[in-house]
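One structure below.
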Amino acid sequence: MTPDPHPSPPEGTSGREEAGSEGAEPAPGSGKRRRSLHLTLPGCWGALILACLSFTPSLLPRGGVLQGLICGISAAIGYGFGVTAAYIWRAFADREARSASRTSWRVLIICAIVLFGLSFGFGQYWQHEIRRLMDVTDYNVLTTVACPFVAAVVFWLLLLAARGLRRLYRWLARLLRRWIGPRAARVVGWVVVAGLTWAVVSGVLLAGFVNATNEAFSVRDTETPEGVHQPTSTLRSGGPGSLVPWDSLGRQGRAFTGSGPSAADIGTFTHRPALEPVRAYAGLETTDDTESRAERAVADLQRAGGFQRANLLVTTTTGSGWVDPAAVDSFEYLGDGDAATVAMQYSYLPSWLSYLVDQSKAREAGRELFDAVYDVWSKLPADERPRLFVAGESLGSFGGETAFSGEYDLRNRTAGTLFAGPPNFNTLFREFSDHRDAGSPEIEPVYREGRTVRFTDDPTTGILPKGEPWNGTRVLYLMHPSDPIVWWSPQLALSEPDWIGEAPGGDVLDEMVWIPFVTFWQVTADLPFSTGVPDGHGHTYKAAYVDGWNAVMRPSGFTPQDLDRLREIIQPEH
């Protein structure tokens with residue numbers, strides 16, 4: 001083999017370092033190698049700053065373990081920033097790395113103790129204030145004490161992983177120098193390592209995790225929730241004469257058709273005669289593909305007389321096929337039972353995971369189901385058609401939107417729409433919000449003077465713009481200022497959104513500020529816990545459906561006192 005024309009310095013030399021090097025290395029010939037736990041002063045300063053900033057408040061209350069996770073991730077990012085900033089400074093100063101003095105380390109340690117202690121204290125105060133705003137009483141002292149230890153473990157794991165990738169890059173670069181120049185070897189090395197890392201994370205780890213989760217939840221889908229029984233009414237899918245077998249509905253489908261208010265329940269509330277509501281559903285096991293599943297659900301809806309009811313609701317499910325009972329129950333109570341609802345399942349995965357990996361399935365399900373319903377509905381005589389409504393919560397709102405091209409399409413093809421907790425990536429939601437009227441805030445935007453589309457976090461307090469006519473079809477978005485599903489976006493990492501810079505909502509602290517990278521991880525950590533807060537906060541929409549549907553459907557004969565009683569039925573106070 002020919003000698004390497006571009007020999008690389010052995011690892012551990014003190015010569016000029018490559019990009020990404022952290023600091024001074026032991027002298028040549030010393031026999032010492034970089035220790036795995038070696039830290040650099042610039043990196044530690046960066047880690048300290050971002051770790052302290054991670055205690056600033058976000059949308060939801062955080063427990064000690066979750067705060068430790070965010071703190072550890074933020075510290076690792078800050079360490080990388082510090083190392084990178086030091087490397088760039090040395091490049092402009094044209095000098096090599098030097099070991100930090102003992103005095104510099106002492107200053108860092110003293111500052112770390114003081115700053116981290118203050119940040120930890122302020123963080124506990126802010127978390128107390130958030131819990132007070134949301135009436136959250138849970139507080140665990142042990143997890144709070146564990147926070148710094150969790151942060152340290154997460155920080156070291158991420159740092160060791162990054163150093164492992166760096167070693168892989170250096171080894172690959174030395175290998176490539178046998179055939180190409182050093183600069184090309186470094187570039188190719190970084191590209192290969194980055195590509196391999198992405199392939200492992202997205203192609204192996206993520207795909208394997210999703211497949212394993214899908215298998216686990218497919219088994220759970222065969223179960224029936226406690227207290228749910230096969231319907232004896234011909235007006236429900238899975239009941240007598242149904243075109244959809246009970247066993248094919250899935251866990252959430254059986255919960256949907258096997259529950260809900262009866263005609264007697266509705267009559268007791270309204271004090272007038274009521275009908276038994278129609279509920280049609282198709283599960284993943286009903287048919288093999290989305291189009292035929294939608295057709296089967298609509299065929300069962302037609303069999304049960306759903307198109308002869310006064311009000312017809314098309315709702316797109318979330319994740320494993322879940323439909324919020326509060327949404328449908330409110331619709332049926334306010335419709336005197338003269339209502340029909342149709343839905344279908346498109347995934348086995350829980351909502352939060354479907355939110356990440358099943359967006360295309362939600363889009364297809366929402367479009368296919370509405371189109372199948374509209375195909376039958378549009379062929380009916382105009383004076384015999386039911387009022388056609390659309391609804392969806394979270395990922396269900398994303399799927400529900402995909403059947404429509406914009407405001408005019410919603411107005412022309414529906415009698416009303418109610419979407420709750422729309423994800424930030426919803427196409428129409430973003431269109432309406434981004435093009436809101438000048439002067440209206442992002443947390444409660446006004447779109448074209450509210451002529452069709454409106455937004456609110458609490459329908460009981462009025463829906464903006466007050467005093468403006470809201471004739472014809474009404475499209476209403478329910479969205480809480482503290483709902484991370486509504487506000488999470490990858491853009492949070494590098495750009496400040498309007499909703500943070502504006503006056504906060506009623507359940508968000510004034511002290512919440514945007515911090516690059518930190519805010520992104522804070523809101524990301526809020527996502528899995530978005531439904532773990534009381535109704536009216538986060539991603540929990542229950543009682544709001546009563547007033548939301550009252551605004552969209554405009555039923556007659558219901559007083560404010562009736563709505564109060566219905567809220568208690570939909571979301572009883574404990």
Side-chain angles (χ1 to χ4, degrees), residues 8-28 30 32-56 68-120 148 150-170 173 186 189-190 193-194 197 493-494 514-522:
S8 60
E11 189 173 10
T13 63
S14 58
R16 190 176 306 279
E17 300 180 60
E18 300 176 20
S21 179
E22 292 187 23
E25 300 283 354
S30 67
K32 296 181 180 179
R33 301 180 64 85
R34 179 187 297 273
R35 293 171 296 177
S36 296
L37 300 182
H38 172 76
L39 296 173
T40 67
L41 188 67
C44 287
W45 274 111
L48 173 62
I49 293 172
L50 260 67
C52 292
L53 292 175
S54 72
F55 287 96
T56 55
L69 177 65
I70 298 171
C71 184
I73 293 174
S74 300
I77 294 173
Y79 188 88
F81 284 161
V83 168
T84 303
Y87 173 79
I88 295 173
W89 184 85
R90 290 196 306 270
F92 278 97
D94 194 26
R95 73 162 183 81
E96 300 174 2
R98 294 194 295 259
S99 298
S101 66
R102 291 180 181 272
T103 302
S104 298
W105 283 108
R106 290 193 187 100
V107 172
L108 171 68
I109 292 173
I110 294 173
C111 290
I113 294 173
V114 174
L115 293 177
F116 192 86
L118 289 173
S119 299
F120 186 85
V150 173
V153 171
V154 172
F155 170 76
W156 280 114
L157 289 176
L158 293 175
L159 186 62
L160 291 175
R163 287 179 173 176
L165 292 176
R166 187 185 62 186
R167 290 191 182 99
L168 177 61
Y169 150 72
R170 286 179 171 174
R186 288 195 293 268
W190 270 119
V193 170
T197 302
L494 296 174
W514 177 76
I515 304 169
F517 294 98
V518 174
T519 302
F520 170 79
W521 285 111
Q522 288 177 329

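Here the side chains of Pro148 and Phe116 are in contact, with some heavy-atom distance below 4.5 Å. Considering only heavy atoms from C-beta on, Ile49 stays 4.5 Å or farther from Phe81 through its side chain.
With rounding to the nearest 0.5 Å, the separation of CD1 in Ile73 from CZ in Phe517 is 13.0 Å. Remark: Ser54 OG to Phe120 CZ distance equals 11.0 Å, nearest 0.5 Å. Rounded to the nearest 0.5 Å, atoms CD (Gln522) and CH2 (Trp514) are 12.0 Å apart. Atom CG of Leu53 is separated from atom CG of Leu48 by 9.0 Å, given to the nearest 0.5 angstrom. Atom CD1 in Ile70 sits 12.5 Å away from atom CG in Leu50 (nearest 0.5 Å). With rounding to the nearest 0.5 angstrom, the CG atom of Leu494 is 11.5 Å from the OG1 atom of Thr519.
Between Trp105 and Leu41, the closest heavy-atom pair is CH2-N, 3.6 Å. Shortest non-hydrogen contact noted between Phe55 and Cys71 is CE1-SG, 4.1 Å. Between Leu158 and Gly72, the closest heavy-atom pair is CD1-O, 4.2 Å. When every heavy atom of Val150 is checked against every heavy atom of Gly68, the shortest pair comes out as CG1-C, 3.8 Å.
Scanning for side-chain hydrogen bond (donor to acceptor under 3.5 Å, both in side chains) contacts around Ser119 gives an empty result, with sequence neighbours left out.
Ring geometry for Tyr169 against Trp190 counts as parallel: the plane angle stays under 30°, on a 0 to 90° scale with 60° as the upper cut.
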Show your working on side-chain contact (heavy atoms from CB on, under 4.5 Å) between Ser104 and Trp45 and close with a plain yes or no.
-> CA-CA 11 Å; Ser104 298; Trp45 274 111; over 6 Å; no
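In this structure, the side chain of Tyr79 engages the main chain of Thr40 through a donor-acceptor pair within 3.5 Å.
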